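Below, each value reflects all heavy atoms present in this structure, side chains not excepted, and no hydrogens, waters or symmetry copies. Everything numeric in this text was worked out from a predicted model, so none of it was measured.
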Amino acid sequence: MLTSRLAAVAAAGALSLTAACTAADAGSSTSTGPVKIGVVVPVTGFLSPLGLGDKAAVEQEVKAINDAGGVLGRKLEVTIKDDKSDVPQSVTEFNQLAADKSYSAILSSSFVSASTAVGPSAKTAKIPIVALGPVSAFADGSNPYAFTGVAVPEVYARAMVDYLAAQKISSLAIGYTGKDLYGETGNKATVAAAKEAGIDVVLDEPYDQTATDFSALVSKVKAAKPAAFLVWGAGPAPVIISKQFAGSGIPLLMTGAQASQLYVKPAGAAAEGVVMTSSIAVPGRELPAGPLKDLVDAFTGPWAKTNAGYPPQFAFDGATGVQLLKAAIEEAGSTDRAKVRDALESLDVLTPTGRFTFSKTDHAGLDTDAVAIVKVENGDLKTTPYSLQRFSTNLPK
């Protein structure tokens, strides 16, 4: 099972890291030279669309910070490692960075299973990490060194179910990645939230995210005749599902993993009308004027000059991760790992993806006010009237 394999990988990684860390103080730091952070993301492999967005955003944000004077008056330096969309590789790359005491913190992978697997290593190395994927295992603070910089699946599930309830959707079918924590956790949270809202889940079906044919899943959904069909997954699979499900007459729903042109363009006509959850930054052009929109615009302006189109969700996540670490280092007044960790745990800061309010028992920091419901219209992601109304009364400040 995936959970067992992740545990074995994480345990092996933590043991190897222990050997590397025993001879040195995990909180060592200097007051000169660059402020160094590490980043591990899937630049290649089946989840490369996530990692490439993270990488480009991190590099843009680091440049902007350095152009403005750096962190603590020092240059911010980032080292980006490719985990190749592979859990063991992610643990290996993470451990190599964590063993180097010159790094103050690490942004762990947008691949949820990979980020989850490095949690024990972060604790062993006593290095604070902010996950670029929505890692539910970090949310409760039980790992003092692990935080998540993306709304966790439970938050996205609750936001989607709130929307469905408001639209008076009475029944739901769910397809989810059966061998990845993102899909598994999202599915479980959706089923629980739907039950509480009185929405009947008529089909709850796992799928292989590396497959190329989902006709069996599509047939089961059609036979179940739900009022809507929700897909929990990342990578190419949701695009294929969308194309095979087109013309069913059943509304199709997606999650934040599809909240970009990286899904919309390849899905083409099959994406039209698809409704999905997203970071509140994704429909940033439609946000009312204020501090949140200012932060979104500050990132999207430079992005548009060097990249085609509006930033994908993953880019906003990468930018937010860097901003969280910068804020924590400045709050700590130090690059010392222990002090940065303490500062993260008490951080209260507005970012392009919402206001993060961390505490000892909350290492997730975001709630449903940081989630938007968007719809694909004419090849673009547009805010639904439901979310536009919520923006006027429930916007992060």
Can you tell whether the side chains of K179 and D208 come within less than 4.0 Å, N to carboxylate O? no
Can you find a pair of side-chain heavy atoms, one from Y207 and one from T177, that are under 4.5 Å apart? yes
Using a 6.0 Å cut-off, check whether atom NZ of K188 has over 12 heavy atoms from anything other than its own residue. no
Return the minimal non-hydrogen interatomic distance between P134 and T148, and the atom names on each side. CA-OG1, 3.8 Å
Hey, could you give me the CZ/CD distance between R158 and E196, rounded to the nearest 0.5 Å? 9.0 Å
Which atom pair, heavy atoms only, marks the closest approach of V135 to S115? CG2-CB, 3.4 Å
I'd like to know whether the aromatic ring centres of F358 and F147 sit less than 6.0 Å apart in this structure. yes
Where is the tightest heavy-atom contact between S48 and S85, given as atom of each residue plus distance? N-OG, 3.9 Å
Just by distance, no angles: are the side chains of K375 and T384 close enough, under 3.5 Å, to form a donor-acceptor pair? no
When you measure from the side chain of Q313 to the backbone of V282, do you find a donor-acceptor pair of N or O atoms at a distance under 3.5 Å? no
Quick check: closest heavy atoms across P396 and I280, and the distance to 0.1 Å? CD-CD1, 3.8 Å
Does the Y386 side chain pair with the main chain of L164, one donor and one acceptor, at a distance under 3.5 Å? no
Can we say K55 and E59 salt-bridge, meaning some charged N sits less than 4.0 Å from an Asp/Glu carboxylate O? yes
Within a reach of under 6.0 Å around NZ of K293, are more than 12 heavy atoms found that belong to other residues, nucleotides or ligands? yes
Less than 4.5 Å apart, any side-chain heavy atom of F138 and any of I129? yes
Can you tell whether the side chains of E345 and R341 come within less than 4.0 Å, N to carboxylate O? yes
Residue pair W232, E184: steps toward the side-chain contact (heavy atoms from CB on, under 4.5 Å) verdict: CA-CA 8 Å; W232 270 99; E184 290 180 340; over 6 Å; no
Does the side chain of P226 come within less than 4.5 Å of I250's, by heavy atoms? yes
Cation-aromatic face contact K123/Y145, 6.0 Å, 45 degrees: no
Under the side-chain contact (heavy atoms from CB on, under 4.5 Å) rule, what do V155 and V371 come out as? Steps first, then yes or no, please. CA-CA 8 Å; V155 171; V371 178; 3.9 Å; yes
Checking S242 against Y263: is there a side-chain donor and acceptor pair closer than 3.5 Å? yes
So that I can tick it off, tell me whether R285 and D380 are bridged by a salt bridge, with the cut-off set at under 4.0 angstrom between side-chain N and carboxylate O. yes
Any donor-acceptor N/O pair, N187 side chain to G183 backbone, under 3.5 Å: no
State, yes or no, whether a side-chain contact exists between S387 and Y163 at a heavy-atom distance under 4.5 Å. no
Please report the interatomic distance OH(Y182) to CZ(F111), rounded to the nearest 0.5 Å. 13.0 Å
Out of curiosity, T351 OG1 to D317 CG, how far, rounded to the nearest 0.5 Å? 9.0 Å
Check: L97 and N95 side chains under 4.5 Å, non-hydrogen atoms: no
Side chain E154, main chain T185, donor-acceptor under 3.5 Å: no
Within this structure, what is the CG-OG1 distance for the pair D140 and T361, rounded to the nearest 0.5 Å? 8.5 Å
Would you check if T277 and L253 make a side-chain contact, meaning some heavy-atom pair closer than 4.5 Å? no
When you measure from the side chain of H363 to the backbone N and O of A139, does any donor-acceptor pair fall under 3.5 Å? no
F314 and L132, any side-chain heavy atoms less than 4.5 Å apart: no
Assess the side chains of T320 and T353: does a donor N or O sit below 3.5 Å from an acceptor N or O? yes
Interatomic distance, L47 atom CG to D83 atom CG [nearest 0.5 angstrom]: 8.5 Å
Give me the atom names and distance for the closest heavy-atom approach of P120 to N143. N-ND2, 4.3 Å
Treating Q60 as the side-chain partner and T306 as the backbone partner, does any N or O pair qualify as donor plus acceptor under 3.5 Å? no
If you measure from the Lys or Arg side-chain nitrogens to the Asp or Glu carboxylate oxygens, is any gap between E205 and K220 under 4.0 Å? yes
Here the pair of heavy atoms bringing P251 nearest to G249 is CD-O, 3.9 Å
Hey, does the side chain of E77 reach the backbone of K36 with a donor-acceptor pair shorter than 3.5 angstrom? no
When you measure from the side chain of E61 to the backbone of G318, do you find a donor-acceptor pair of N or O atoms at a distance under 3.5 Å? no
Does D54 reach the side chain of V39, with side-chain heavy atoms less than 4.5 Å apart? no
Take L366 and R355, measure what side-chain contact (heavy atoms from CB on, under 4.5 Å) needs, and give me the verdict at the end. CA-CA 7 Å; L366 290 178; R355 177 166 290 281; 5.7 Å; no
Could you tell me whether the side chain of S104 and the main chain of I329 form a donor-acceptor pair under 3.5 Å? no
Heavy-atom count check: over 12 atoms from other residues, nucleotides or ligands less than 6.0 Å from K81 NZ? no
Compute the centroid of each ring, for F299 and then for F316, and state whether the two points are separated by less than 6.0 Å. yes
Do any N or O atoms from the side chain of N66 and from the backbone of L76 form a donor-acceptor pair under 3.5 angstrom? yes
Taken to the nearest 0.5 Å, the spacing of L295 CG from Q323 CD works out to 6.5 Å
